[in-house]
Amino acid sequence: MKETRKKEIKRVIAINDMSCFGKCSLTVALPVISAFGVEAVPLPTAILSTHTGGFTGYTCLDMTDEMVKIIEHWKTIGFKCDGIYTGYFLNGRQADITAEFIDDFKSPDTKVIVDPVMGDNGRLYTGFDAGFVEDIKKLCKKAHVITPNITEAMLLTGGEYREVFSRDDISRCTDALGDTGAKKAVITGVRVNEREIGYVCCDFEKGGRFEIYYPYENMRLHGCGDVFASILCGELVKGETFEGSARAAADFTEECIIATGGDIENHWYGLKFERLLENGSFRHAD
């Protein structure tokens, strides 16, 4: 039997790992997307006891086989999704499963946001290799928007990572990102000088690029990309434009960074986004 639901309710499938303690991945995506009045449905790629930045001895449950079972059950329900948002995968098989899931579950109006989580600080994460990068490239072809950090943008395009990039470097990278097949891209964590950090946003369908920068603070923060991509997803699914969504997500993430930066002892744990959600600090389309 097909599911019936009120017309105004929208739904996003969030495919990512679940870090039970520590604010990143699904632990961020579910409350942030829900704050838009959008139903957030998790499809976990892994379940970890904590996030991996700053904790040791954490546990990790591989959900690859369970993902297949969950998806097969969902096919019998026949539900619709307005957004699909992907993040961290343990392996290339999970990326392949997700690519097939997108083909099976998206409609012409479904927004597909791919955060190509592969590395940071110029390096692949432990356990990933060049083959995994190719798997992620295939997934990017199905995306309306991809949100790589600057390391991941270089991995996707074959560019050389550095902490501060010239404008020419960024232009070459954005041109190459257009070849991924994604319709739009936001590169996060971009520095073009020593004083600022921000986002380079590209619309490959319509042409054009805009940039958003904030003062650079030398802090180790986890979950910034998760907060940004989750707000971006909520904005897009609610009907906001790409530029409006990106600017709203960037502003909200910056507010979270400022709110978190004052806690010198615990800032590594994750962004303090809850109070800002409570206060309605994000803007979205009604």
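Predicted model only: the values in this text are computed from it and were never measured.
Between Val237 and Ile33, the closest side-chain pair of non-hydrogen atoms is not below 4.5 Å. Leu30 has its side chain within reach of Met18: a pair of non-hydrogen atoms, C-beta onward, lies under 4.5 Å apart. Contact of the Val117 side chain with the Glu152 side chain is registered, since non-hydrogen atoms from C-beta on lie closer than 4.5 Å. Between Val12 and Ile113, every side-chain heavy-atom pair lies at or beyond the 4.5 Å cut-off. Val133 places a side-chain heavy atom less than 4.5 Å from the side chain of Met118. When side chains are defined from C-beta on, Phe273 counts as touching Val28, because their heavy atoms get closer than 4.5 Å. Counting heavy atoms from C-beta outward, Val145 and Lys183 have side chains that stay 4.5 Å or more apart. Proximity of Lys69 to Glu72: side-chain heavy atoms (C-beta onward) are nowhere separated by under 4.5 Å.
Between the side chains of Thr98 and Asp96, not a single donor N or O lies within less than 3.5 Å of an accepting N or O. A donor atom on one side chain and an acceptor atom on the other are found under 3.5 Å apart for Thr64 and Gln94. In the model, Tyr214 has a side-chain atom that pairs as donor or acceptor with a side-chain atom of Asp251 under 3.5 Å. The closest side-chain donor-acceptor pair between Ser171 and Asp168, if any, does not fall under 3.5 angstrom. Using modelled atom types, one finds no donor on one side chain facing an acceptor on the other under 3.5 Å when comparing Arg172 with Thr157. Side-chain atoms of Asp17 and Ser25 include a donor-acceptor pair closer than 3.5 Å.
Ile146 and Tyr125 end up in the same hydrophobic cluster when Ile, Leu, Val, Met, Phe, Trp and Tyr side chains are linked at under 4.5 Å. Tracing side-chain contacts under 4.5 Å through hydrophobic residues (I, L, V, M, F, W, Y), one never reaches Leu48 starting from Leu43; they form parts of separate clusters. Ile257 and Ile197 are members of different hydrophobic clusters when ILVMFWY side chains are connected at heavy-atom separations under 4.5 Å.
Side-chain atoms of Ser230 do not come within 3.5 Å of backbone N or O of Val227 as any donor-acceptor pair. Side-chain N or O atoms of Lys184 include none that pairs as donor or acceptor with a backbone N or O of Cys202 at under 3.5 Å. Under the 3.5 Å distance criterion, the side-chain polar atoms of Arg11 are left unmatched by any main-chain donor or acceptor of Val41. Looking at Thr151, its side chain does come within 3.5 Å of a backbone N or O of Asn121 through a donor-acceptor pair. No side-chain donor-acceptor contact under 3.5 Å links Ser19 to the backbone of Gly22. A donor-acceptor pair under 3.5 Å is formed between the side chain of Thr45 and the backbone N or O of Tyr88.
Across all non-hydrogen atoms, the minimal contact from Asp226 to Cys24 is OD2-CB, 3.3 Å. What you find for Ile71 and Phe105 is that their closest heavy atoms are CG2-CE1, 3.9 Å. Of all non-hydrogen atoms in Val192 and Val164, the two that sit nearest each other are C-CG1, 3.6 Å. Of all heavy-atom pairs between Tyr213 and Gly198, the closest is CD2-N, 3.6 Å. Closest heavy-atom contact between Ser49 and Cys20: O-CB, 3.7 Å. Summarising the geometry of Thr260 relative to Leu271, their closest heavy-atom pair is OG1-CA, 3.4 Å, with the distance given to 0.1 Å.
Note: Trp74 and Phe79 have perpendicular aromatic rings, judged against thresholds of 30 and 60 degrees for the angle between ring planes.
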Please test Leu90 against Cys60 for side chain to side chain contact (heavy atoms under 4.5 Å, CB included), starting from the C-alpha separation and ending with a verdict.
CA-CA 10 Å; Leu90 283 180; Cys60 178; 4.0 Å; yes
Worked verdict on Lys142 versus Asp103 for side chain to side chain contact (heavy atoms under 4.5 Å, CB included)
CA-CA 8 Å; Lys142 300 181 181 297; Asp103 290 340; 3.0 Å; yes
Please lay out, stage by stage, how Phe89 and Leu139 fare under the test side chain to side chain contact (heavy atoms under 4.5 Å, CB included).
CA-CA 12 Å; Phe89 302 114; Leu139 191 61; 3.5 Å; yes
Side chain to side chain donor-acceptor pair (under 3.5 Å) between Asp109 and Ser107: does it pass, once the steps are laid out?
CA-CA 5 Å; Asp109 296 325; Ser107 71; 5.1 Å; no
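Atom CG of Leu61 sits about 8.0 Å away from atom OG1 of Thr59, to the nearest 0.5 Å. Separating the CZ atom in Arg191 from the CD1 atom in Ile170 is a distance of 12.0 Å, to the nearest 0.5 Å. A distance of 9.5 Å separates CE of Met154 from CD of Glu160, quoted to the nearest 0.5 Å. One distance of note links CG of Leu277 with CD1 of Ile231; it measures 6.0 Å at 0.5 Å rounding. Atoms OG1 and CZ, on Thr174 and Arg209 in that order, are 4.5 Å from each other to the nearest 0.5 Å. Separating the CD1 atom in Ile102 from the CD1 atom in Ile84 is a distance of 5.5 Å, to the nearest 0.5 Å.
Comment: Asp82 engages Lys80 in a salt bridge, judged by a side-chain N to carboxylate O separation of less than 4.0 angstrom. Between Glu134 and Lys138 there is no salt bridge, since no side-chain N of the basic residue sits under 4.0 Å from a carboxylate O of the acidic one.
The ring-ring contact (aromatic ring centres under 6.0 Å, His included) contacts involving residues 155-185 comprise nothing, where partners must be two or more places apart or lie in separate chains. For residues 187-211, the set of pairs meeting the ring-ring contact (aromatic ring centres under 6.0 Å, His included) definition, not counting sequence neighbours, comprises Tyr199-Phe228, Phe210-Phe242.
Heavy-atom contacts from other residues, nucleotides or ligands closer than 6.0 Å to NZ of Lys75 number more than 12. Environment of CD in Glu205: crowded, with over 12 heavy atoms of neighbouring residues, nucleotides or ligands closer than 6.0 Å.
Applying the side chain to side chain contact (heavy atoms under 4.5 Å, CB included) test between Val190 and each of Asp169, Ile150, Ile212 identifies Ile150 as the sole match.
Taking the salt bridge (Lys or Arg N to Asp or Glu O under 4.0 Å) definition, one finds that Asp65 meets it with Arg93, sequence neighbours left out.
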